[in-house]
Every structure is written in structure tokens, then in C-alpha cells.
Amino acid sequence: KVNQRVTLNLGMRYDLTPRMTEKLNHLSAFDRLYPGGRVLLSGTCTEYIPGAGTSPGPCTPRGLVPTDTNDWGPRIGVAIRPFNNNRTAIRAGYGIFYDMIELQDLRTWTRNPPYGAIFSLQSDQNGNSGSPTVLKVSDLFPAQGSLQAQPDIYSPGDKYVDPYYQQWNFDLQRQFVSNLLLDIGYMGTKGTHLARRLLANQAVLDANPARPTPIQNRRPYPRFGTTIRLTDDDANSTYHALLVKAEKRFAQGLSFLFSYTYAKALDSGSLIDDNPRDIYNLSLDKGRADFDIRQRAVFSASWELPFGKGKRFVTAGIGGALLGGWQLNTITALRSGFPFSVSASGDACNCGASNQLAQQTGDPFGGFTQSRLLWFNTAAFGQPARGSFGTSGRNILSGPAEETIDLSVFRTFPIGERMRLQFRGESFNLLNHANFGLPGSTVASSSYGLIQSASSSRNIQFGLKLNF
């Protein structure tokens, strides 16, 4: 406590998360810096290359990657009473928080040869029966370790340090009367070294798209399969939010809480399985996070009607018996829409990349009348030219907003001195407002620009609750 008006909290946390190991040392990692690629076997000085098998190689730790020993997490908090009373307070804080390796990833790192094998065999659907890129029956079960096997690989990335988040906030609170509080604040978060999965065997683009060559010949690691999934730690995120809250604590039978958030969330992948659209240009994936809801407002209230025994009005008689014991409750939630991207159809780049987006050719927000049947200007997007990536950005459009009002009515009947029976009538989505889902967003698909889903319609239920 610095003085009567200022309180300061300082702290430091240290996290040490040793890398997990496998009892039989069956973990393995992919070395993408080695020409043509190789698999390094944990707890040994051995490497594996398809067609060549195992041979002496670099020594690899049992946990594949070094333990991150730099996980220092400072904590700072300050509270100020600027006017030397308890009606106004200013609070601020900052901290660093660490995460750990996904256990699901660890499980997949035991799938690699020579201990296991997953094959992905693909055939050229446009080739003729004599083409070397067309599968034959004899190709369906290649011998493990042979050049024909081309195993898929699952591995950590090159460094894989622990992901961490920086969080900070500033808050101003003011109590106006004994039970009414106004709170205005700002909150920010930055994620660093966040995990995401890269498909490292993406082929480079054809030098001449008009004369395409087989994808496998353009892959950086042709001895391996189409899937070399590396869990890397180079993703980042930011979140900034203005927060407003008004709260009335329960008094005279009424309480309510109102909160409003105006926020913006950016990242380069909201889920660990959000593969980059082009692993050779990871900056293309920065955009609005999948959960970026720009505005959200929620109002909740509970009101005990002022009638009946012990209340202000109609305290006795038949009127008190009929009107007493009632309570109204509501939760009203409003939010803006979730973002989405417009996708290309199929493998437009002819390179095996994931999450390929459309070619933007116009203004997606103008030149049309928005409706459920046409949510955005579909003419503003098209299929990219064969052998190229689309120019449309990630999550540049927004889906429908959502409006929901829930209402409940309670009536409590005393039964003797120790028991109460409560009647409950509850309505969810009281106004039966249609809250639509996201539109179809794949160019030239049958649902392109069309909304075909909605959340639940109005639901009414009744119940009895006995308290004793």
C-alpha cells in the first residue's frame, strides 16, 4: 500500500514446462532444412529417409525440441482512489501468461515412419491409363519405406517455443448512489508464438500455368506425401476492446446489469487447424479473427413486482394474494455479425494449398439489395485464374447480426414455514426473431451468397420448483 489512495501489487511467476517424451522414443520430427527433407528419431542419433531407410544422423532429444526456460510472467496491478473516498476508483493491470504444447499434436508425432505410416495416394483424374500420375491397382499398397510409399509426416516446427499472451487493462469506476455503479474500461491482449499448422509440402506455382506440370514434381519434398503437417509457433493475435458497464445491485425488488463492448480482434489463424492459404507468404492470412464481434450489448434484469405481503402496494386481501409473489426476469442480447471469407472452388492454384480464397473484382458492399437470398455482392468475386492465388482478403465480410430477448415469469407460493413452490414460465427468443447463420461463400457453389440456416426459434417452457 503506497498511501491511503494508492495500492500497488507487483508479482512474478515462473513457468517451466518440460517437453513430454514417449516411453519407447517413438516420437519423431521433420527436418525441412535438409535437402529433400528427413525424419529425425527422438532419443537417438538416427534419421529416416523414404527409400533409404534409417541411417546415422543428428542426435535428437527425447522431447524433440528444447524446453523453453524463459517463461517469466510479471504481474503489475494498481488501484487509485483519486478523491480520497470509496465512490471513485481507477484500476490498471498488466501481465504475461504462458501456454503449452498441444497434447493432440504430441500424439500425432508418433505416426511417422519407421514406427508408423500414413499414406495419401492421389491419382490424376485427367490422365490416361498409361500416365505415370494415374494410380494402378498395384500402387495401392506400397511397401513401407519404399519410394512409392511417400508417407505423410506430422511434426513440430523448427523452434516451437512456448506461446504466451500479454494482457493489460485500464478501468474507471464510479458509484453514483448506494447501489448504482458505472464502469468504463479498456482491455487489450496480444498473443505471440501461437501455434498453427503448416502444410509444408505445398507445391510451388507452375512457371507457365497454361502448361501445367504434375504437382508432386513441384513439391519441395517429393519423397514424402502430400501432407507434411508442421505445428509452428509463428502466429500472432491482438484484441482491443472498449468496455462499458452499468450495474444496479438488488434493492427495492430491482436489479439490472447492462454491458456494452466495442472490440476488434485480429490474428493470422483463429484455430490451430486454420492452415495458411500460402505457406510461402504467411502475411496473407492476417485479418479479422473468426470470433471478431465488433459490437455486443447485453441487458439483464430481475424485478419483484411491488404487490402482496411485505411490498408497497396491495399488501392484503384477495388482490394481495393474486398479485403478490410475482417476479419478472429478462436477458436481452444484441451483437454484430461474425466475419467470413469468400473461397475459391477447388485447387485453383494447382499447388495443393489450403483455404484458397476468391479473386476480388469489385465492391462486395455495393450494387445490390441485401437479403437472405443475396447477402453480399457475389459479382464482386470470381474464380482465380488457373495456377494463381485469389486476391480477396481473409474475413473481409460480416454475417447477419443477432438479436435475442429471453423473458421469464416466476410466482412463489409459500407452503408452511420451510417450503416454497415456485411456478416458472420461460420464453427464449420471445419475439421469435430470425437470427440467420452465415451465407454460402464458395464461388460458383449452389449456395453462393445464400443464407440457408438460422438459430433456434421461440421456445416456451413451464415448470415447477420445490424448495425445502
Side-chain angles (χ1 to χ4, degrees), residues 12-34 37-50 53-74 95-120 144 151-167 190-201 221 224-225 227-237 267-276 279:
M12 178 67 73
R13 176 187 172 100
Y14 179 73
D15 290 287
L16 182 64
T17 308
R19 301 305 183 218
M20 296 186 183
T21 59
E22 202 273 334
K23 180 179 179 181
L24 301 177
N25 285 338
H26 282 186
L27 297 177
S28 57
F30 185 73
D31 181 5
R32 57 176 166 175
L33 300 181
Y34 185 79
R38 61 182 172 180
V39 177
L40 304 179
L41 310 185
S42 68
T44 72
C45 298
T46 306
E47 66 183 22
Y48 171 86
I49 299 176
T54 57
S55 60
C59 295
T60 305
R62 295 191 66 206
L64 298 182
V65 290
T67 296
D68 192 343
T69 59
N70 195 37
D71 293 357
W72 296 94
I96 297 179
F97 307 86
Y98 290 88
D99 206 343
M100 61 183 294
I101 289 179
E102 287 261 341
L103 293 181
Q104 180 184 359
D105 274 343
L106 195 73
R107 175 177 58 84
T108 65
W109 300 342
T110 63
R111 298 175 176 176
N112 303 325
Y115 309 119
I118 296 178
F119 305 127
S120 297
Q144 181 174 339
D152 291 343
I153 298 295
Y154 300 82
S155 168
D158 300 329
K159 300 185 297 294
Y160 215 115
V161 299
D162 290 339
Y164 68 91
Y165 296 89
Q166 300 176 74
Q167 297 181 355
K190 183 181 187 302
T192 306
H193 293 308
L194 306 184
R196 68 171 166 184
R197 291 170 176 155
L198 309 180
L199 297 182
N201 216 10
Y221 311 106
F224 294 88
T227 299
I228 299 180
R229 196 183 77 180
L230 305 184
T231 302
D232 221 335
D233 62 351
D234 61 348
N236 298 287
S237 68
D267 62 23
S268 49
S270 300
L271 298 173
I272 193 172
D273 283 322
D274 286 347
N275 302 127
I279 66 165

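The figures that follow rest on heavy atoms only: side chains count, while hydrogens, waters and symmetry mates do not.
The backbone N or O of Y160 lies less than 3.5 Å from a partner atom in the side chain of D233, making a donor-acceptor pair. With T67 contributing its side chain and T69 its backbone, the two residues share no donor-acceptor pair below 3.5 Å. A distance-only check finds a donor-acceptor pair linking the side chain of Y221 to the backbone of R32 [under 3.5 Å].
For the atom pair D71 CG and D99 CG, the distance stands at 10.5 Å (nearest 0.5 Å). Rounded to the nearest 0.5 Å, atoms CD1 (I96) and CD (Q166) are 5.0 Å apart. Between atom CG of residue N236 and atom OG1 of residue T192 there is a gap of 5.5 Å, rounded to the nearest 0.5 Å. Rounded to the nearest 0.5 angstrom, T227 OG1 and D152 CG are separated by 4.0 Å. Interatomic distance, CG of D234 versus OG of S268, reported as 7.0 Å (0.5 Å rounding).
Pairing each heavy atom of D232 with each of D158, the nearest pair is OD1-N, 4.3 Å. The two residues G269 and D274 have their closest heavy-atom pair at C-OD2, 3.8 Å. A pairwise comparison of heavy atoms in S237 and D267 identifies CB-CB, 3.7 Å as the closest pair. Nearest heavy atom pair, residue E22 against residue L27, reads CB-CG, 3.8 Å. Between G37 and I49 the shortest heavy-atom distance is O-CG1, 4.3 Å.
Cation-pi geometry between R229 and Y154 is not satisfied (NZ or CZ under 6.0 Å from the ring centre, within 45° of the ring normal). R38 forms a cation-pi arrangement with Y34, by the criterion of a distance under 6.0 Å to the ring centre and an angle within 45° of the ring axis.
You'll find the side chain of L194 stays beyond 4.5 Å of the side chain of R196, heavy atoms only. Residues P56 and C45 have side chains not in contact (no heavy-atom distance under 4.5 Å, counting atoms from C-beta outward). Side-chain contact check for L41 versus T60: every heavy-atom pair is 4.5 Å or farther apart. Looking at I228 and F30, their side chains come closer than 4.5 Å, going by heavy atoms from C-beta outward. In this structure the side chain of S155 never reaches within 4.5 angstrom of the side chain of T231, judged on heavy atoms. Between L64 and W109 the shortest side-chain heavy-atom distance falls below 4.5 Å. Put simply, the side chain of I153 reaches to within 4.5 Å of the side chain of V39, judged on heavy atoms. Annotation: side chain of P276 is in contact with side chain of L198 (closest heavy-atom distance under 4.5 Å).
With sequence neighbours excluded, the residues that form a side chain to side chain donor-acceptor pair (under 3.5 Å) with D162 are R19. Applying the side-chain contact (heavy atoms from CB on, under 4.5 Å) rule to N25 yields the partners S42, R62; only residues at least two apart in sequence or on another chain are considered. N275 meets the side-chain contact (heavy atoms from CB on, under 4.5 Å) test with R197, L199, S354, N355; sequence neighbours excluded.
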Verdict with reasoning, W72 to Y14, per ring pair (Phe, Tyr, Trp, His ring centres under 6.0 Å) | CA-CA 5 Å; W72 296 94; Y14 179 73; 4.5 Å; yes
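Side-chain N/O atoms of S28 and N112 include a donor and acceptor closer than 3.5 Å.
Between R107 and D105 there is no salt bridge, since no side-chain N of the basic residue sits under 4.0 Å from a carboxylate O of the acidic one.
Residues Y98 and Y165 place their aromatic rings such that the two centres sit no closer than 6.0 Å.
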